[in-house]
Visitor: 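Before we start, here is the structure in question, set down as structure tokens.
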Amino acid sequence: MARHGRRRAILKDPPRVLIVEARFYGELADALLEGARDALEARGVEVDVVTVPGALEIPAVIAMAEEAGRYPTAPRYDGYVALGCVIRGETYHFGIVADQSAAGLMQLALKGLAIGNGILTTEDEDQAWARARRSEGDKGGFAARACVDLIELRGRLRVGLGGSAA
């Protein structure tokens, strides 16, 4: 019978994560970043942060960082946290940014990257704040914890989940 549940993590100590944050809504970005940093530091993760103008740039920068990690002078990251906010406006642009940023992250994740998606897509600023504040939704912290969980799971999958046949 296979054993299920959480086992001790198989990670290098400590993992290194890159947070890529979109600064289009600066104060919201600050709230998301605070939650993400605190969550990562609580789990002993080394953190680097880069900023980009908006959510559409996040997947491209994650891909660049992953490629750069192949060179001896660049850091190698175990995972990534995507932080940003897309608030619906009066044009179709919201749909493009929301859909394409999520699609870009999913394409990278399907290649084996551990990515916590903390890009908010909301109808208005009040919804965004309710999700960004640590005292409410803490989506920055949620995305960071998801990233670390994915790093751990990837490590377990690479060595086998364990369990025995009965």
Side-chain angles (χ1 to χ4, degrees), residues 14-70 74-155 157:
R16 188 171 189 172
V17 169
L18 178 65
I19 297 173
V20 182
E21 64 155 345
R23 298 291 308 171
F24 193 83
Y25 296 100
E27 291 180 5
L28 284 162
D30 291 341
L32 289 167
L33 181 60
E34 178 185 2
R37 265 192 197 275
D38 288 351
L40 292 171
E41 290 171 1
R43 298 211 29 200
V45 175
E46 289 182 17
V47 179
D48 292 330
V49 179
V50 295
T51 62
V52 296
L56 275 177
E57 291 78 30
I58 293 173
V61 170
I62 290 173
M64 288 177 205
E66 187 68 13
E67 181 183 346
R70 297 180 186 147
R76 282 201 55 80
Y77 293 102
D78 299 294
Y80 302 90
V81 178
L83 299 178
C85 185
V86 185
I87 299 174
R88 186 179 301 278
E90 297 176 5
T91 69
Y92 183 66
H93 186 67
F94 168 86
I96 293 169
V97 175
D99 292 348
Q100 293 305 309
S101 60
L105 293 178
M106 184 56 68
Q107 288 174 354
L108 293 167
L110 290 173
K111 293 179 180 180
L113 275 63
I115 301 172
N117 184 353
I119 300 176
L120 307 179
T121 53
T122 65
E123 294 295 324
D124 56 43
E125 195 169 333
D126 289 338
Q127 285 182 355
W129 276 111
R131 287 157 180 77
R133 282 188 197 101
R134 290 189 60 217
S135 61
E136 295 182 54
D138 191 23
K139 294 301 182 182
F142 180 86
R145 289 185 293 276
C147 174
V148 175
D149 288 348
L150 289 168
I151 293 167
E152 291 174 353
L153 180 57
R154 182 179 58 204
L157 289 168

Visitor: According to the side-chain hydrogen bond (donor to acceptor under 3.5 Å, both in side chains) rule, which pairs have a member within residues 126-146, sequence neighbours left out?
Guide: D38-R134, E125-W129, R133-E136
Visitor: Only pairs at least two apart or in different chains count here, so list each side-chain hydrogen bond (donor to acceptor under 3.5 Å, both in side chains) that has a residue in residues 46-55.
Guide: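 Residue pairs passing side-chain hydrogen bond (donor to acceptor under 3.5 Å, both in side chains), neighbours aside: R16-D48, D48-Y77.
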Visitor: Applying side-chain hydrogen bond (donor to acceptor under 3.5 Å, both in side chains) as the test, list every pair that has at least one member in residues 82-98; sequence neighbours left out.
Guide: R88-E123
Visitor: Taking distance alone, no hydrogens or angles, what donor-acceptor pairs closer than 3.5 Å link side-chain atoms of residues 95-121 to residues at least two apart or in another chain?
Guide:
| residue | atom | partner | partner atom | Å |
| --- | --- | --- | --- | --- |
| S101 | OG | V97 | O | 2.7 |
| S101 | OG | A98 | O | 3.3 |
| N117 | OD1 | I119 | N | 2.9 |

Visitor: Once rounded to the nearest 0.5 Å, what's the spacing between atom CG of D149 and atom CD1 of I151?
Guide: 9.0 Å
Visitor: Can you give each donor-acceptor pair under 3.5 Å made by side-chain atoms of residues 23-36, sequence neighbours left out, with the distance rounded to 0.1 Å?
Guide:
| residue | atom | partner | partner atom | Å |
| --- | --- | --- | --- | --- |
| R23 | NH1 | E21 | OE1 | 3.2 |
| R23 | NH1 | D30 | OD1 | 2.7 |
| R23 | NH2 | G26 | O | 3.3 |
| R23 | NH2 | D30 | OD1 | 3.0 |

Visitor: Please find the pair of heavy atoms, one from A22 and one from A55, that lie closest to each other, and give the distance.
Guide: CB-N, 3.6 Å
Visitor: For the residue pair P14 and G44, what are the closest heavy atoms and their distance?
Guide: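 Result for this residue pair: CB-O, 2.9 Å.
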Visitor: Do L18 and I62 touch side chain to side chain, with heavy atoms closer than 4.5 Å?
Guide: no
Visitor: Which value, rounded to the nearest 0.5 Å, describes the distance between C147 atom SG and I19 atom CD1?
Guide: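 Taking SG in C147 and CD1 in I19, the distance rounds to 9.0 Å.
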Visitor: Output every pair passing side-chain hydrogen bond (donor to acceptor under 3.5 Å, both in side chains) with a member in residues 55-67, not counting sequence neighbours, ordered by first then second residue.
Guide: E66-Y80
